[in-house]
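Just so it is clear, the values below take in all heavy atoms, side chains as well, and ignore hydrogens, waters and symmetry mates.
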Amino acid sequence: MAATTTIPLLLLLLAATVAAAAAAASELSVYHNVHPSSPSPLESIIALARDDDARLLFLSSKAATAGVSSAPVASGQAPPSYVVRAGLGSPSQQLLLALDTSADATWAHCSPCGTCPSSSLFAPANSSSYASLPCSSSWCPLFQGQACPAPQGGGDDAAPPPATLPTCAFSKPFADASFQAALASDTLRLGKDAIPNYTFGCVSSVTGPTTNMPRQGLLGLGRGPMALLSQAGSLYNGVFSYCLPSYRSYYFSGSLRLGAGGGQPRSVRYTPMLRNPHRSSLYYVNVTGLSVGRAWVKVPAGSFAFDAATGAGTVVDSGTVITRWTAPVYAALREEFRRQVAAPSGYTSLGAFDTCFNTDEVAAGGAPAVTVHMDGGVDLALPMENTLIHSSATPLACLAMAEAPQNVNSVVNVIANLQQQNIRVVFDVANSRVGFAKESCN
């Protein structure tokens with residue numbers, strides 16, 4: 001669906017469920033808006049995965065009990081693929097912000113902006129709680145904002161008061177584009193929660209193609225001081241989770257849950273969360289192995305090792321579409337998968353996928369499940385729809401994983417959103433752990 005029709009469709013769907021969502025204090029609906037022109041889920045995923053290379057380069061650049069609150073989430077058509085419904089300002093202006101676990105800074109396209117990708121912009125002039133932040137703000141260096149100009153005149157000149165200092169301005173690359181923004185604060189609303197004085201970037205101009213850019217903005221769910229959990233303080237006790245609906249789903253439910261209360265699943269299995277000081281936004285976990293069916297994949301020793309210096313290891317990311325494994329890991333996984341499927345006509349490549357086969361030639365149940373094994377005894381058995389992606393037009397299916405690109409990310413494994421669908425993923429930063437639980441979001 002064209003970008004110009006995607007947002008109105010989402011707003012209509014979201015508005016239709018506001019009353020039902022408001023009735024549940026700990027849960028709001030999650031929506032998925034992938035309705036591509038192609039009738040086949042396979043072609044849709046291939047189109048989305050073309051933007052993964054830009055996403056992976058983005059990853060390489062990253063260096064009291066509260067109840068559970070929720071916000072509605074939908075899927076966008078370009079990575080980051082899912083969007084969360086949020087309110088910004090007083091009175092609240094509704095925005096669809098891309099849900100990004102690998103970014104800290106939140107930003108929104110603001111009016112006026114003639115080069116922003118949507119006409120639905122946040123209007124600072126209409127918010128009584130909006131405030132621009134000066135270059136002297138302690139937040140400015142965190143957003144890599146421009147330093148305050150040097151005082152003019154003699155050395156005895158007193159520094160000007162903050163009210164007369166210029167607004168903190170910063171620029172940021174995103175996918176194939178970049179944007180200019182002013183640092184600001186306003187009230188952010190997620191579900192029934194209001195977070196006053198939330199610091200974010202107010203985008204005033206975009207340079208370059210906006211195809212892969214979030215239409216209205218981005219909500220940073222990373223681990224740094226600018227991210228949601230840090231700015232919310234004790235409100236969410238360092239915990240959030242999500243369940244992402246399938247790309248095949250036309251009737252949507254799912255959620256972003258915020259907080260450590262009873263709304264988080266009891267059946268969740270946790271693995272330790274690792275911290276990389278050079279890529280501090282990212283959520284690393286320690287994968288110990290892969291299995292296809294009942295057979296363990298034979299990978300070279302140290303293939304999954306975490307190394308903060310090189311960035312090696314495994315990242316759980318909401319914005320990458322298909323899971324990527326380093327070259328030796330993917331080669332071994334592919335070999336074992338092909339051995340068990342044993343497609344008579346062999347395998348073909350299609351887009352990012354190189355293990356596609358004729359499903360008419362393979363007996364029902366002939367495709368084995370893939371399980372990701374992690375520290376803590378976590379065995380994440382991927383549902384079949386998270387392992388294979390089917391064409392609805394032809395008898396064709398592909399292993400829905402790929403090799404990491406041969407660039408700075410060649411040492412990084414990424415567990416992506418296609419493999420996370422219909423699984424509740426819990427990020428418990430307070431206790432340094434990531435959890436997984438089966439949950440139907442469709």
Side-chain angles (χ1 to χ4, degrees), residues 7 54-55 57-58 61-63 76 78-80 83-84 86-90 92-127 129-149 162-163 165-189 195-222 224-228 230-231 281 319:
I7 293 301
R55 172 68 183 180
L57 286 173
F58 164 75
S61 71
K62 306 307 292 179
V83 292
V84 58
L88 189 62
S90 302
S92 182
Q93 300 176 41
Q94 297 302 304
L95 298 173
L96 296 173
L97 303 180
L99 181 72
D100 198 339
T101 58
S102 297
D104 291 338
T106 293
W107 48 270
H109 297 295
C110 294
S111 177
C113 179
T115 53
C116 288
S118 173
S119 59
S120 300
L121 305 175
F122 172 68
N126 295 339
S127 173
S129 50
Y130 177 87
S132 60
L133 300 183
C135 53
S136 61
S137 168
S138 59
W139 287 100
C140 197
L142 297 179
F143 281 75
Q144 298 180 327
Q146 299 170 1
C148 287
L165 288 173
T167 297
C168 176
F170 67 97
S171 59
K172 193 175 184 66
F174 194 93
D176 300 323
S178 62
F179 63 78
Q180 297 288 326
L183 195 63
S185 69
D186 210 331
T187 299
L188 176 68
R189 289 177 172 82
I195 307 173
N197 304 316
Y198 197 90
T199 303
F200 69 101
C202 203
V203 176
S204 57
S205 67
V206 178
T207 303
T210 60
T211 305
N212 300 335
M213 179 170 280
R215 308 298 298 174
Q216 294 183 304
L218 181 144
L219 180 67
L221 289 173
M226 302 109 69
L228 174 65
S230 296
Q231 292 206 49
S281 301

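Using modelled atom types, no side-chain atom of S171 and backbone atom of Q180 make a donor-acceptor pair closer than 3.5 Å. Under the 3.5 Å distance criterion, the side-chain polar atoms of Q231 are matched with a main-chain donor or acceptor of M226. R215 places no side-chain N or O within donor-acceptor distance of the main-chain N or O of A98, the cut-off being under 3.5 Å.
With sequence neighbours excluded, the residues satisfying side-chain contact (heavy atoms from CB on, under 4.5 Å) with Q93 are F122, A123, N126, S127. Shown here are the side-chain contact (heavy atoms from CB on, under 4.5 Å) partners of C116, two or more places apart in sequence or in another chain: H109, C113, L121, V203, V206. For S178, the side-chain contact (heavy atoms from CB on, under 4.5 Å) partners are T207, not counting sequence neighbours. Residues satisfying the side-chain contact (heavy atoms from CB on, under 4.5 Å) criterion with A182, sequence neighbours excluded, are T167.
Summarising the geometry of S92 relative to G87, their closest heavy-atom pair is OG-CA, 3.1 Å, with the distance given to 0.1 Å. The minimum heavy-atom distance between P214 and G217, with the atom names listed, is CB-O, 3.1 Å. Counting all heavy atoms, side chain and backbone alike, S90 lies closest to D186 at N-OD1, 4.1 Å. Summarising the geometry of G222 relative to A227, their closest heavy-atom pair is O-CB, 3.2 Å, with the distance given to 0.1 Å. Across every non-hydrogen atom of L97 and L219, the tightest pair is CB-N, 3.8 Å. Closest non-hydrogen pair, L218 versus T106, comes out as O-CG2, 3.1 Å.
With rounding to the nearest 0.5 Å, the separation of CG in L142 from OG in S137 is 8.5 Å. The line from CG of L221 to CG of L99 is 5.0 Å long, rounded to the nearest 0.5 Å. To the nearest 0.5 Å, the span separating SG on C110 from CD on Q216 amounts to 11.0 Å. In this structure, CZ on F143 lies 8.5 Å from SG on C168, to the nearest 0.5 angstrom. To the nearest 0.5 angstrom, C202 atom SG is 4.0 Å from Y130 atom OH.
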- Query: Can I195 and L228 be said to form a side chain to side chain contact (heavy atoms under 4.5 Å, CB included), step by step?
  - Reply: CA-CA 10 Å; I195 307 173; L228 174 65; 3.7 Å; yes
- Message: Is there a disulfide bond (SG atoms under 2.5 Å apart) between C135 and C140? Walk through the geometry before answering.
- Response: CA-CA 6 Å; C135 53; C140 197; over 6 Å; no
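Relative orientation of the W107 and F174 rings is perpendicular, given thresholds of 30° and 60° on the angle between their planes.
Between P166 and P149, some side-chain heavy-atom pair lies under the 4.5 Å cut-off.
Screening residues 197-218 for ring-ring contact (aromatic ring centres under 6.0 Å, His included), with sequence neighbours left out, gives no hits.
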